[in-house]
Amino acid sequence: MHVLLATAELSPLVKVGGLGDAVAGLRSALLAAGVEVTTVLPDYSGWKLGGERLVKLDVPAWAGPASARFGTLPDGTPLTLVKVPGIARSHPYLDEDGQGWTDNPARFMAFAAAVASVAEVTDPDLVHANDWHVGPTLGFLPESMPTVFTIHNLAYQGRTDGTWLEVIPRRPEAFEWWGDTNPLSGAIALADKVVTVSPNYAREILTSEFGAGLDGPLEARAPDLVGITNGIDTDVWDPATDPLLPTHFHAEDLHGRRELRSELLSRVGWRGADPVIGVVTRLTHQKGVDLAMATAPYLEGMGARLLVLGSGDRALADQVRSHVEQYPDRVHFWEGYDEASARLIFAGADLLAMPSRFEPCGLNQMQAMRYGSIPVATAVGGLVDTIVDADVDSVHGTGFLAKDVTVAGMVDAFHRSVRALRSPKRRATIMHNGMTTDWSWTVPAARYREIYEAAIS
Ligand code: ADP
Ligand code: GLC
């Protein structure tokens, strides 16, 4: 089978959020299973490839000139980098002030069209497009090409000016959304199979509460909509070998983990046994860091402390800073996006909070569990599919779920998790369950292959 996998992010080359990790993990698992994968990524920064071959792409005038570089990454796996006007930038989506590049619609519409042209050159059995950036690709492909479209986050639709509808050759009306162009509505309508990143989110998005306005178009595709829970790349996320960790450990020997906890505390300037609750996140409304901050007055009583690593929205960062000023012994903030610090938190914290308002899948909780931090999360989206509440199932429990996405819900879940930590036996069971669960991409990639087969036939 030959799959063309189109994406705007691919770890470790370019990652803004979980999209980059998810596509990279799926790609590796497909390659390992012997699937031929042509991965197509925007050429943001002229990365060098091995054995490069340059091909001029046949695109409409407004999307050109366009070209593709076919070559290999240092690990020998193939990659295709596509160049269209304006695509090369320091950040895929945002300018220096954190605002979207004003020409994002043009950049990604051209990329989406160019991906279809790569498909013409490479003749895959199927095109698998991910998220809004390559939603319009389905409108540029011939009807005969089987397609799968994965929604990683319905909140980002790439909605833009209606004039772009005129450049989409196939079923432009499917991309029309209240006079605008909506890359996601069209992809949902045109794909042979629509996948989203967890079964629970697949159900949620059919409701007006979680459908982000597109619950109608999604309902129309319900028979072809499936949820496949993401995995994590367990070679990259392995506490026994992680090169970004100064000490290593595994589920049967946690000595190294205790050292990493001390290292984490000393970096913050904290001491003692009080539980550390990590938060590793993009600072956006979705992730609910404001809900975590609102628990600050209760932390002293619980004897817990919050360590936030995150970057993004300025108002949310200000909010975290003001809580640090008010509760210096209880709240600490590392502002930024830093992979080594993220891994130190997963490996050294006691708990990891995810107070998300919605969460298509979430990778943090799986990374945390693999590194021995117990997740405390809201009961939404993929968090429900990946965390077993230890107060509901004491044998298989891996974390704690707040039923209500509210401050009270999170405070209650923090209370329950801190209580569990006080019993060494309970804590060991919960940690061991999370650390030994198979979080790899093996099962999800096999599910994707079934969906590919179904789309092809
Ligand atoms: P989303 O894609 O919505 O941001 P996910 O949980 O799917 O959420 O993926 C987030 C990815 O980004 C994870 O790999 C996580 O470890 C990483 N991450 C998030 N915030 C930070 C940060 N501030 N520093 C380092 N890594 C981060
Ligand atoms: C999105 C979602 C996140 C998911 C990731 C990878 O960024 O917000 O929940 O894990 O995509 O699919």
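Just so you know, ligand 1 is whichever comes first in the structure, and atom 1 is the first atom listed for that ligand. In what follows, residues are counted from 1 in the order of the sequence shown.
With a heavy-atom cut-off of 4.0 Å, Gln367 touches ligand 1 through its side chain alone. Only the side chain of Asp21 comes within 4.0 Å of ligand 1, judged by heavy-atom distances.
The single protein non-hydrogen atom nearest to atom 23 (N) of ligand 1 is Gly336 O, 3.0 Å, given as residue, atom name and distance. Taking atom 21 (C) of ligand 1 as the reference point, the nearest protein heavy-atom neighbour is Tyr337 CE1, 3.4 Å. At the shortest separation from atom 2 (O) of ligand 1 among protein heavy atoms lies Gly18 N, 2.5 Å. The protein heavy-atom contact nearest to atom 4 (O) of ligand 1 is Arg282 NE, 2.6 Å.
One finds no salt bridge joining Asp389 and Lys403 here, because no Lys/Arg side-chain nitrogen approaches an Asp/Glu carboxylate oxygen to under 4.0 Å. Under the 4.0 Å criterion applied to side-chain N and carboxylate O atoms, Lys15 and Asp21 are assigned as salt-bridge partners. Using a 4.0 Å cut-off between charged side-chain N and carboxylate O, Asp313 and Lys287 make no salt bridge. Look at Arg416 and Asp412 and you find a salt bridge, because one of the NZ, NE, NH1 or NH2 atoms lies within 4.0 Å of a carboxylate O, short of that distance. A salt bridge is absent between Glu453 and Arg449: the closest approach of a Lys/Arg side-chain nitrogen to an acidic carboxylate oxygen does not fall below 4.0 angstrom.
Using a 4.0 Å cutoff on heavy atoms, Lys287 counts as a contact of ligand 1. Using a 4.0 Å cutoff on heavy atoms, Lys15 counts as a contact of ligand 1. At a 4.0 Å cut-off, at least one heavy atom of Gly362 sits close enough to ligand 1 to count as contact. The closest approach between any non-hydrogen atom of Ser341 and ligand 1 is not below 4.0 Å.
When the ring pair (Phe, Tyr, Trp, His ring centres under 6.0 Å) test is applied to Trp177, no partner is found at least two apart in sequence or on another chain. Every residue meeting the side-chain contact (heavy atoms from CB on, under 4.5 Å) condition with Glu219, not counting sequence neighbours, appears here in chain and number order: Leu206, Ala222.
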Could you pull out the N/O contacts under 3.5 angstrom between ligand 2 and the surrounding protein atoms?
| unit_1 | atom_1 | unit_2 | atom_2 | d |
| --- | --- | --- | --- | --- |
| ligand 2 | 8 (O) | Asn153 | ND2 | 3.2 |
| ligand 2 | 8 (O) | Gln286 | NE2 | 3.3 |
| ligand 2 | 9 (O) | Glu359 | OE2 | 2.5 |
| ligand 2 | 9 (O) | Cys361 | N | 3.0 |
| ligand 2 | 9 (O) | Gly362 | N | 2.9 |
| ligand 2 | 10 (O) | Gly362 | N | 2.8 |
| ligand 2 | 11 (O) | His152 | O | 3.4 |
| ligand 2 | 12 (O) | His152 | ND1 | 2.7 |
| ligand 2 | 12 (O) | Asn230 | ND2 | 2.8 |

Evaluate Asp404 against Met410 for side-chain contact (heavy atoms from CB on, under 4.5 Å), listing each step before the verdict. CA-CA 8 Å; Asp404 300 320; Met410 280 314 288; over 6 Å; no
For a side-chain contact (heavy atoms from CB on, under 4.5 Å) check, start with the C-alpha distance between His128 and Thr150, then their side-chain angles and the critical distance, and finish with the verdict. CA-CA 8 Å; His128 176 186; Thr150 298; 2.7 Å; yes
Please tabulate, for side-chain N and O atoms in residues 230-240, each donor-acceptor pair with protein atoms closer than 3.5 Å (sequence neighbours left out).
| unit_1 | atom_1 | unit_2 | atom_2 | d |
| --- | --- | --- | --- | --- |
| Asp233 | OD1 | Asp235 | N | 3.1 |
| Asp233 | OD1 | Val236 | N | 3.4 |
| Asp238 | OD1 | Ala240 | N | 3.0 |

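Using modelled atom types, one finds a donor on one side chain and an acceptor on the other under 3.5 Å when comparing Asp242 with Tyr371.
Not a single N or O atom of Val280, backbone or side chain, sits closer than 3.5 Å to an N or O atom of ligand 1. Considering backbone and side-chain N/O atoms, Leu363 comes within less than 3.5 Å of an N/O atom of ligand 1. For Asn364, a nitrogen or oxygen atom sits less than 3.5 Å from a nitrogen or oxygen atom of ligand 1, counting backbone and side chain alike.
When each atom of ligand 1 is checked for a heavy atom of Asp338 under 4.0 Å away, the hits are 24 (N), 25 (C). If you number the atoms of ligand 1 from 1 as listed, the ones under 4.0 Å from a heavy atom of Ala342 come out as 25 (C), 26 (N). Close approach of ligand 1 to Gly310 is summarised as follows: ligand atoms under 4.0 Å from at least one heavy atom of the residue are 23 (N).
With a 6.0 Å cutoff to the six-membered ring centre and a 45° limit on the axis angle, Arg267 counts as a cation-pi contact of Trp334.
Around the OH atom of Tyr93, the shell of radius 6.0 Å holds more than 12 heavy atoms that belong to other residues, nucleotides or ligands.
Tested against Ile151 for a side chain to side chain contact (heavy atoms under 4.5 Å, CB included), the candidates Leu218, Val195, Val197 yield a single pass: Leu218.
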